[in-house]
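Throughout, residue positions are numbered sequentially from 1 according to the sequence presented.
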Amino acid sequence: MPKFIVIDPSVQGYQGHFYEYAFRVLQAARRQGYETHLASHRRFQVPKEFPGKVHRLYRCAFWPTQRERTGILWLKRLGTALAGVVGGLLLKAYISWFGLLLESLRYYARHPRHLARRLPFPYGLLLLVPLVPLAVLLWPLWWLVRRVLRFFRALIGPVVRIARKLYAHRRELLITFWADRKLRDLERGTRRLLRRVSLEPGDVVFLSLVSEAELLGLLRLFRRCPQARNATWHLMFRHQIYRPDQWHSPGEEHRLLRSALYQLIQEAAPGRVFLHADTEDLARQYETLGVGPVAELPIPVPREYHQQRRQEATLPYRIAYVGDARAQKGYHLLPRLVEDLWPEVEQGRVVFHFQSNFNVPLGSPETDVARWQLLAQPRRLVQLELKPLDSERYRRMIVESDLLLVPYEPVAYYAGSSGIFAEALAAGVPVVCPATTWMARQLAPVQQAYLEHLWPTLENAGTAPAHQWHWQAERPPLSEQGYLWLAPGKVHQATLRCPENVSLLGLSVGRMEPRRSDPVLVQVRQLDQFGACLAQQTAVLHALEGTQRALVPIHDRAQEVQLQWRPAGPWSPMRLHGVECHWFSPSGPQQVPISAVGVVYADTDEELTGAVREVIQHMEHYKQTALAFSEQWAAYHNADTLVETLHRLVQAEPQAPATTETPGGTPRQRGAAVPRAA
């Protein structure tokens with residue numbers, strides 16, 4: 001029977017994404033006939049229902065463990081306490097009579113003229129009489145003390161200077177020490193694993209969360225243990241290596257990663273190592289290193305999320321935030337959101353359910369303040385989970401939600417995936433997320449398909465192409481060929497008169513060049529007859545093939561509309577062809593939903609409340625479209641599809657990994673179904 005081995009030193013307990021990921025993959029591998037093994041951290045206590053044999057081998061997790069973080073925090077607290085005690089003693093000595101006398105003597109020693117002015121000349125001479133024998137006695141002692149102090153200063157001075165240099169670069173040194181420790185620990189632990197489990201052709205070894213340290217450890221393993229080449233090794237990368245503004249350009253900072261991958265794939269184990277990522281954007285980033293193809297793998301979402309999904313939303317709607325309380329995940333934005341939506345809370349339409357446990361002791365300043373603000377709210381309206389959740393309660397919290405908040409930091413999640421987002425879509429739960437993230441790019445195809453189906457059904461009250469707008473610039477950004485040129489880092493503003501009896505503003509772009517993955521943001525400011533701003537909202541035009549559309553609700557007293565166009569990415573210009581503005585008359589007593597499955601808002605905190613309020617106002621529509629989209633989403637993002645993909649690579653020839661085709665189609669292809677409006 002072939003073996004399927006998952007190596008993850010970060011698996012230490014029953015809670016968290018590390019354990020869930022390994023559990024789901026091994027469970028699917030066992031269903032497909034593999035003999036399953038897990039190589040985990042030494043502190044992992046094996047549960048009875050775990051699907052496979054567990055080998056507790058490693059001391060170092062991918063990140064420092066909670067106990068190690070607690071030890072470092074204890075040392076910091078001890079240092080702070082000692083500094084406080086010493087500082088308090090010095091302060092007491094300084095403000096005492098002895099301190100005042102010492103300070104006076106130091107002052108008059110520096111300024112002897114002031115002392116001479118205060119004392120009459122005869123009395124000053126009398127004071128010198130007892131000082132002469134005292135100076136004769138103390139001068140040899142003072143000379144000896146100065147010599148000893150000078151000797152010790154010369155002896156200890158270099159040590160103090162070295163200690164100061166080390167303290168100034170303490171962060172880099174700790175990272176280097178931790179990486180070297182992980183490297184040695186992974187190599188030794190995996191060698192112990194291979195002595196227990198004999199690898200044979202057809203076996204699969206799956207290693208997730210790979211960094212330079214793990215790659216160097218594997219390189220040493222392959223060179224010292226030839227038995228490791230019997231199996232196929234699949235390395236999963238889940239962290240982006242470039243920021244959005246770097247435009248996927250491999251720099252010198254990734255030389256170590258590129259060299260380690262090249263030696264591992266081409267020299268140590270040719271044809272036995274396969275590279276994977278869980279997003280298309282992340283795979284493209286690692287492919288720019290030039291070491292080989294990187295295939296996209298699905299996110300292993302359990303079938304229970306899709307099978308236990310709720311078919312309808314009931315009042316009050318439950319708005320949830322799931323995951324650790326981290327500033328990177330936007331937890332500090334929740335108090336303001338609760339305050340802005342308090343009218344809906346008082347009407348009995350909305351309740352909040354937030355997971356609020358910290359991933360590090362005491363959290364961070366912004367998350368700690370945010371949690372105290374949320375704790376001041378009524379418990380029946382704002383429910384907080386202050387401790388980590390087990391698997392069942394975690395799944396129930398997602399499935400029972402009516403709206404899931406994913407206000408993640410766009411730079412950190414530009415190409416990286418979110419397991420919580422994938423689980424919510426599999427459960428048919430609408431989501432709200434920022435525009436320039438991987439999550440928004442997953443929603444873009446289905447949202448554009450919805451608008452393409454909705455557009456012909458709206459009553460058109462007029463169309464205005466871009467050359468008919470009033471541009472507030474000496475040189476309008478329009479070319480003679482008719483395209484709109486958006487320069488990076490600039491905002492181009494145009495003004496339009498708002499016709500009477502319109503309820504929606506439609507923006508459409510025929511084609512975007514160059515075609516990038518980042519959208520175009522259009523800030524729409526609605527002004528009344530006196531020039532006061534009635535409403536402000538940012539429309540998101542996704543960068544996909546074909547015509548892209550966006551809808552913005554229009555206030556009934558709006559007389560003028562200002563459009564501010566800018567590219568979401570500040571590093572590349574864009575050319576927009578076929579830019580038009582459409583006015584739509586009301587077709588019923590209620591406004592039309594502007595999106596489907598969820599709402600993508602601009603990367604500003606002020607837009608979050610408007611996106612959540614849009615979902616609340618049309619909850620039935622978003623719930624039904626999310627349920628329809630969950631069918632195709634859950635069909636691809638599950639552990640069985642992941643294991644089948646790896647199994648096909650094992651059965652294929654060594655040249656098979658040369659293709660980067662994603663099993664099941666790219667996210668854009670998988671999201672092409674048209675959700676109907678509820």
Side-chain angles (χ1 to χ4, degrees), residues 13-17 20 66 305 308-310 312-408 418-421 423-424 427-433 598-599 605-606 608-617 619-620 622-623 626:
Y14 309 140
Q15 300 162 345
H17 286 293
E20 291 290 336
Q66 192 74 10
Y305 284 88
Q308 299 177 6
R309 64 192 187 281
R310 297 168 57 209
E312 60 181 9
T314 57
L315 289 173
Y317 300 136
R318 183 178 293 269
I319 301 177
Y321 169 91
V322 183
D324 298 331
R326 296 163 54 189
Q328 193 180 53
K329 292 190 174 185
Y331 181 83
H332 60 289
L333 306 177
L334 300 182
R336 177 177 177 178
L337 177 66
V338 172
E339 182 180 356
D340 293 342
L341 295 178
W342 200 251
E344 284 82 354
V345 174
E346 293 179 338
Q347 295 171 7
R349 302 185 61 194
V350 170
V351 294
F352 299 96
H353 191 187
F354 301 148
Q355 186 176 346
S356 303
N357 59 281
F358 296 143
N359 63 325
V360 295
L362 303 180
S364 59
E366 54 266 50
T367 57
D368 190 26
V369 172
R371 189 166 78 168
W372 281 109
Q373 290 176 331
L374 294 174
L375 285 172
Q377 303 294 342
R379 303 296 297 161
R380 60 185 179 86
L381 301 176
V382 182
Q383 182 181 357
L384 303 182
E385 301 289 346
L386 302 180
K387 296 182 179 180
L389 305 177
D390 55 23
S391 301
E392 179 61 29
R393 193 171 181 181
Y394 171 86
R395 180 171 63 249
R396 191 168 61 249
M397 183 175 178
I398 294 180
V399 173
E400 294 179 355
S401 301
D402 297 305
L403 173 62
L404 189 72
L405 302 176
V406 194
Y408 293 174
S418 169
I420 298 172
F421 174 85
E423 292 160 353
V429 178
V431 293
V432 171
C433 61
V599 176
D605 303 343
E606 292 78 8
L608 176 60
T609 302
V612 174
R613 186 168 279 129
E614 161 67 19
V615 178
I616 295 174
Q617 293 175 354
M619 180 60 74
E620 288 299 327
Y622 285 97
K623 182 65 176 179

Neighbour count >12 (heavy atoms, 6.0 Å) for atom CZ, R380: no
Side chains of E400 and H353, donor plus acceptor under 3.5 Å: no
For R318, which of L404, V429, D402 qualifies under side chain to side chain contact (heavy atoms under 4.5 Å, CB included)? D402
Do Q308 and R396 have side-chain heavy atoms sitting under 4.5 Å apart? no
Taking the six-membered ring of F354, is the NZ or CZ of R371 close enough (under 6.0 Å from the centre) and on axis enough (within 45°)? no
Spacing of CG belonging to L334 relative to CD belonging to E339, to within rounding of 0.5 Å: 13.0 Å
Would you mind reporting whether V338 and F352 have side-chain heavy atoms less than 4.5 Å apart? yes
Audit row: V599, Y622, side-chain contact (heavy atoms from CB on, under 4.5 Å) steps and yes/no: CA-CA 9 Å; V599 176; Y622 285 97; 3.7 Å; yes
Calculate, to the nearest 0.5 Å, the distance between atoms CZ and CE belonging to R393 and M397 respectively. 8.5 Å
Considering non-hydrogen atoms only, spot the tightest contact between T367 and R326 and give its length. CG2-C, 3.6 Å
Are L384 and Q355 close enough that some pair of their side-chain heavy atoms sits under 4.5 Å apart? no
What distance do N357 atom CG and L389 atom CG have between them, rounded to the nearest 0.5 Å? 6.5 Å
Tell me whether D340 is salt-bridged to R613, with the criterion being a basic N under 4.0 Å from an acidic carboxylate O. no
Taken in chain and number order and not counting sequence neighbours, the residues that satisfy side-chain contact (heavy atoms from CB on, under 4.5 Å) with L315 are Y317, R349
What are the two closest non-hydrogen atoms of V322 and I420, and how far apart are they? O-CD1, 2.9 Å
Between the CZ atom in R336 and the CD atom in Q373, the distance rounded to the nearest 0.5 Å is 12.0 Å
What closest approach, in Å, do A427 and V399 show between heavy atoms, and which atom pair accounts for it? CB-CG2, 4.2 Å
Cationic N near anionic O, under 4.0 Å, R395 to E423: no
Would a distance-only check, ignoring hydrogens and angles, find a side-chain to backbone donor-acceptor pair under 3.5 Å from S418 to F421? yes
With the side chain counted from C-beta on, respond yes when I616 and V350 share a heavy-atom pair under 4.5 Å apart, and no when they do not. yes
Dump the intermediate steps for side-chain contact (heavy atoms from CB on, under 4.5 Å) on L337 and L405, then the final yes or no. CA-CA 11 Å; L337 177 66; L405 302 176; 3.4 Å; yes
Taking the side chain as every heavy atom from C-beta outward, state whether V431 and L403 have any pair of such atoms under 4.5 Å apart. no
So Y408 and C433, do their side chains get closer than 4.5 Å, heavy atoms only? no
Can you check side-chain contact (heavy atoms from CB on, under 4.5 Å) on V369 and W372, steps first, answer last? CA-CA 5 Å; V369 172; W372 281 109; 5.9 Å; no
Between V432 and A611, the two heavy atoms sitting closest are CG1-CB, 3.8 Å
If you compare all heavy atoms of H332 against all heavy atoms of A370, which two are closest, and at what distance to 0.1 Å? CA-CB, 3.8 Å
Okay, side chain of D324, backbone of F358: is any donor-acceptor separation there less than 3.5 Å? no
Minimal heavy-atom distance between L608 and P407, with the atoms involved, is CD2-CB, 4.3 Å
Residue pair E366 / Y331, side-chain donor-acceptor N/O under 3.5 Å: no
For the CD atom on Q347, are there more than 12 heavy atoms of other groups (residues, nucleotides or ligands in this structure) within a distance under 6.0 Å? yes
The criterion is salt bridge (Lys or Arg N to Asp or Glu O under 4.0 Å); which residues satisfy it with R309, sequence neighbours excluded? E631
Would I319 and L341 count as a side-chain contact (heavy atoms from CB on, under 4.5 Å) if you check the C-alpha gap in whole Å, the side-chain angles of each, and the deciding distance to 0.1 Å? CA-CA 11 Å; I319 301 177; L341 295 178; 4.3 Å; yes
